[in-house]
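Notes to accompany the following structure.
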Amino acid sequence: PEGLTHMGTTVRDTNLYTDLLQEAISGELAGMDVLYGSRAAVVQMTLPRNGPNGPYKGGDKVVVPYFDFVGELEDLAESGALTPSALTSTNEEASIVHSGKAGEVTSWAQMAASVGDPYGEYAKQFARAFKRRIERALLSAAITSLPSTNILDITGEASPGIGRNPLLRAQALWGDEQSGIVLMSMHSKVYFDALQLVDSSGQPIFKEIVEAGPNGGEAIRKLNGIPVAISDLNTKSGTTYSTLLFKEAALAAWVNGAPIVKGDSDILADTEVTAIHAYHVAHRYKRRPGWTLPGVIKLQTTQA
C-alpha cells in the first residue's frame, strides 16, 4: 500500500510486502512449541506444499512418519551386519487442514504509524493464532477414535468429580507402561476444582507446584507430579469434562513452516487485501515403538 515504510523503504509493490510478511511469519513460526512446550507432541515444520498430484488441498490424506524415533539399537554378532530400517515406514494417515486469515491492507499504513514494524507485529499475532489452532487440532486428534481401553469414564459413579484416585486409576490404564508421562491437559474448571479439594483434616489434597517455564516461557504447574496444561480447548459437554494424560511424542503436528501470503486488489471495495494460507496435520500415533497402547489417556469427570 502507498506510503507504508519498512526498514526505511517505502513499500508500494504487492509482491514485496507479501514477501516481507511471509518472511516475518516464517521467522516467528521457527521453533514453534505447543502444549506448554512439553514433549507430548513432536512438531515438524516440513510438511511439503506439493504432493504426487500437485499442491495439497485441505482434506487430502498424507502418511505421517514416526518423527524423531530411530528405533531400538541392534546387537550384532561378530562380523554381523545392521538391518536397515525405514524411519518413515508407517501406514498411519491423517488429513491436511487448510487454515488461514485474510484482512484489508489499507489498515497497514495506520499500523506503521503506531507500531513501527507492522510486518513483525502481524507475524507475531498470526503465529500465536496458528499455535492455538495447532493445539486445538492436537487435542481433537488425541481423542478421535481413542480405544476404549484408554478411556476412564467415572461420570456415572457415586463420586464422579476430579480427584487423586480418578487420576491414579486413569494412569493405571497404561499398566506397566508408565514411563514417559510428560503432560496432563485440564480444563480450567477441572483444575481449580482439583485445587479446592481437601482431606478430612482440611488440608489440600493437591499441592500446586509452579515452576519456571523453559526459556522463560509460561510457568509450568504440576499435579500428582505431572505437568499440567490449563486449556479450555479441552472438550466439555454440559458438566462433563475431559482431562487428558500424554506420553512423550504421543502426537505429531506436521506444519508447512512457510505459510503462503498473497495480496491483491479488491476492485469493488477499492482496497488491498492480504490472505495468509497455512497447511497442517495433527495426528495421534496408534502406538509408539516399544509401546502396546496409545500414548493418550482420557479421563471423563462430572464437575458441578
Side-chain angles (χ1 to χ4, degrees), residues 32-43 128 131-144 146 150-155 159-174 177-199 203-237 239-253 282 284-285 288 291 293-304:
M32 178 179 69
D33 59 26
V34 294
L35 298 177
Y36 277 50
S38 74
R39 302 188 308 277
V42 179
V43 181
R128 284 196 293 268
K131 175 181 175 179
R132 188 168 175 83
R133 178 66 186 92
I134 294 298
E135 290 183 335
R136 180 156 57 91
L138 285 169
L139 291 176
S140 176
I143 59 176
T144 299
L146 186 65
N150 282 57
I151 300 173
L152 175 63
D153 185 351
I154 66 168
T155 57
S159 300
I162 193 66
R164 183 175 177 83
N165 283 343
L167 287 176
L168 291 174
R169 287 170 58 193
Q171 189 174 332
L173 293 181
W174 274 314
E177 298 180 11
Q178 294 294 318
S179 63
I181 302 173
V182 295
L183 186 70
M184 179 162 51
S185 183
M186 279 183 162
H187 192 282
S188 60
K189 165 70 172 170
V190 181
Y191 182 77
F192 289 106
D193 280 357
L195 290 185
Q196 295 177 61
L197 296 174
V198 294
D199 60 21
Q203 296 300 308
I205 291 177
F206 291 104
K207 293 183 179 180
E208 182 186 42
I209 300 173
V210 181
E211 300 177 351
N215 302 318
E218 194 167 358
I220 298 174
R221 291 169 168 80
K222 289 185 176 180
L223 291 182
N224 264 14
I226 302 174
V228 178
I230 304 171
S231 175
D232 288 352
L233 294 176
N234 284 282
T235 58
K236 67 179 291 285
S237 177
T239 58
T240 298
Y241 292 78
S242 292
T243 295
L244 303 179
L245 284 80
F246 296 101
K247 283 193 171 189
E248 182 176 4
L251 308 169
R284 172 183 53 78
Y285 290 116
R288 295 287 288 175
W291 300 347
L293 296 169
V296 178
I297 295 292
K298 181 172 75 169
L299 168 64
Q300 290 192 164
T301 59
T302 298
Q303 307 301 131

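The figures that follow rest on heavy atoms only: side chains count, while hydrogens, waters and symmetry mates do not.
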- Query: Hey, are Ser231 and Ser185 close enough side-chain-wise for a donor-acceptor pair under 3.5 Å?
  - Reply: no
- Query: In terms of side-chain heavy atoms, does Ser242 have a donor or acceptor partner in Asn234 at a distance below 3.5 Å?
  - Reply: no
Taking all heavy atoms of [X] and all of [Y], pick out the closest pair and write down the distance.
X: Ile226; Y: Leu183; answer: CG2-C, 3.8 Å
X: Leu138; Y: Ala41; answer: CD1-CB, 3.8 Å
X: Ala252; Y: Tyr285; answer: CB-OH, 3.5 Å
X: Phe246; Y: Ala142; answer: CE2-CB, 3.8 Å
X: Tyr241; Y: Val190; answer: CB-CG2, 3.5 Å
X: Val296; Y: Ala250; answer: CG2-CB, 4.1 Å

[atom1] of [X] to [atom2] of [Y]: how many Å apart, nearest 0.5 Å?
X: Arg164; Y: Leu197; atom1: CZ; atom2: CG; answer: 12.0 Å
X: Arg136; Y: Arg133; atom1: CZ; atom2: CZ; answer: 4.0 Å
X: Met186; Y: Gln303; atom1: CE; atom2: CD; answer: 8.5 Å
X: Leu152; Y: Arg169; atom1: CG; atom2: CZ; answer: 5.0 Å
X: Leu195; Y: Leu223; atom1: CG; atom2: CG; answer: 6.0 Å
X: Ile154; Y: Thr240; atom1: CD1; atom2: OG1; answer: 10.5 Å

- Task: For Ile151 and Ile143, run side-chain contact (heavy atoms from CB on, under 4.5 Å): C-alpha distance rounded to whole Å, both residues' side-chain angles, the deciding distance at 0.1 Å, then the answer.
- Result: CA-CA 9 Å; Ile151 300 173; Ile143 59 176; over 6 Å; no
- Task: For the residue pair Phe206 and Leu167, establish whether any side-chain heavy-atom pair is separated by less than 4.5 Å.
- Result: yes
- Yes or no on side-chain contact (heavy atoms from CB on, under 4.5 Å) for Leu173 and Asn150, after CA distance, side-chain angles and deciding distance? CA-CA 6 Å; Leu173 293 181; Asn150 282 57; 5.6 Å; no
Donor-acceptor contact below 3.5 Å, side chain [X] vs main chain [Y]:
X: Arg284; Y: Thr144; result: yes
X: Lys189; Y: Ala304; result: yes
X: Asp193; Y: Ile162; result: no

- Task: Please collect all side chain to side chain donor-acceptor pair (under 3.5 Å) contacts where either partner lies in residues 243-252, sequence neighbours excluded, each pair once.
- Result: Arg39-Glu248
- Task: May I have the step-by-step check of side-chain contact (heavy atoms from CB on, under 4.5 Å) for Gln171 and Leu245, ending in yes or no?
- Result: CA-CA 8 Å; Gln171 189 174 332; Leu245 284 80; 4.3 Å; yes
- Would you please test Leu35 and Leu251 for side-chain contact (heavy atoms from CB on, under 4.5 Å) and show each step? CA-CA 11 Å; Leu35 298 177; Leu251 308 169; 4.1 Å; yes
